[in-house]
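Please read the structure below before turning to the comments.
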Amino acid sequence: YDESNSNVKFVLEERKASKLTGTQAKKAGERPVYALELTHGGKAIPSIGSGSVSVTLPYALGKDETAEGLAILIVSDDGTGRNIKCTYNARSRTVNFSTKNFGVFVIAYDADHIWNNPFTDVKETDWCYDAVRYVNQKGLFSGTTATTFSPNLATTRAMLVTVLYRLDGQPAVTGSSKFSDMSAGQYYTNAVIWATENGIVSGYGNGMFDPDALLSREQMATILYNYAKYKQYDVSKVRGLDVFTGKDTVAPYAVRAMQWAYANEIINGSSATTLSPKGTATRAQVAAILMRFDEKVKMPAGAASK
């Protein structure tokens, strides 16, 4: 739409329960609710294609609340919600977050969101802290020991498949592995069986899966893309890779997946102009990618999924 058009209207206001749907009001409970709306010519714009809007909302922490327990919840008309990462400014008593989507936002609080960091090699000042907290709280990644996460350790094919298996609730599997280099009883055995049965991952075409092979960025994009299709998420959004040097080095099987991952900001270039599709990913990088996948692709909790 034309942003210079005088018919463009942006509104941020506190929203009373009487203006919410019944399911939205139930979801919000007694928590503060705000509406963030963008209209053009009287027609609601649900989201913007690129960039984001920075939002600041007033909020004073309750007596027994901590900043780490705060979350922003965007709630659809049917009451399903999705968490958006936020920060809290104690001096100004405000909650801050960024969003591409517009609608109803709840300032939520969840004591279970508070994380007692067990890892001595992940500090609160590290770029990956929020991502490590996310995957650890979700039970997707455990530490390499009781006190270490090993954020710089390269990720293997078996590791990623196991994480997605956990994300899917570790459903029961039948049958056995078709790969000659896999034995029963490994930590990844059921995950690989589940992933191959559902078209999420395949072997190398020679009867081998190579579970300990380091995961390349293009392999990671492909596995996530296949998982999104398995879950029946919308995977129609893609973006060309022309801005990157080395785009022609992407394996043919991975082109669509890389275009999808780039369009949804799940996997970016290793630099502004370098794609590095054959490059490997560390545990910290995979944690961040999984967190972005949840924020940008995964359906809100309660929505229809396979």
Does a donor on one side chain sit under 3.5 Å from an acceptor on the other, for Asn198 and Tyr227? no

For the residue pair Phe149 and Phe141, does the interplanar ring angle fall in the parallel (under 30°), tilted (30 to 60°) or perpendicular (over 60°) class? tilted

Got a salt bridge between Glu265 and Lys100, using NZ or NE/NH1/NH2 to carboxylate O under 4.0 Å? yes

Is Arg15 paired with Glu13 through a side-chain N to carboxylate O contact shorter than 4.0 Å? yes

Does a donor on one side chain and an acceptor on the other come within less than 3.5 Å for Glu65 and Tyr59? yes

If a pair satisfies ring pair (Phe, Tyr, Trp, His ring centres under 6.0 Å) and one of its residues is in residues 168-201, list it, with sequence neighbours excluded. Tyr165-Trp194, Phe179-Phe209, Trp194-Tyr230

Check whether Thr196 reaches the backbone of Val192 with its side chain - one donor and one acceptor, N or O, closer than 3.5 Å. yes

If only side-chain N and O atoms count, and only distance matters, is there a donor-acceptor pair under 3.5 Å linking Thr99 with Asn101? no

May I ask you to decide if the ring planes of Phe293 and Tyr233 are parallel, tilted or perpendicular, using 30° and 60° as cut-offs? tilted

I need the Asn117 CG to Glu68 CD distance, nearest 0.5 Å. 9.0 Å

Ignoring hydrogens and angles, state whether a donor on the side chain of Asn89 or Thr94 is under 3.5 Å from an acceptor on the partner side chain. no

In the hydrophobic cluster built from side-chain contacts under 4.5 Å, what are the other members alongside Leu241? Val243, Phe244, Val250, Val255, Met258, Tyr262, Leu275

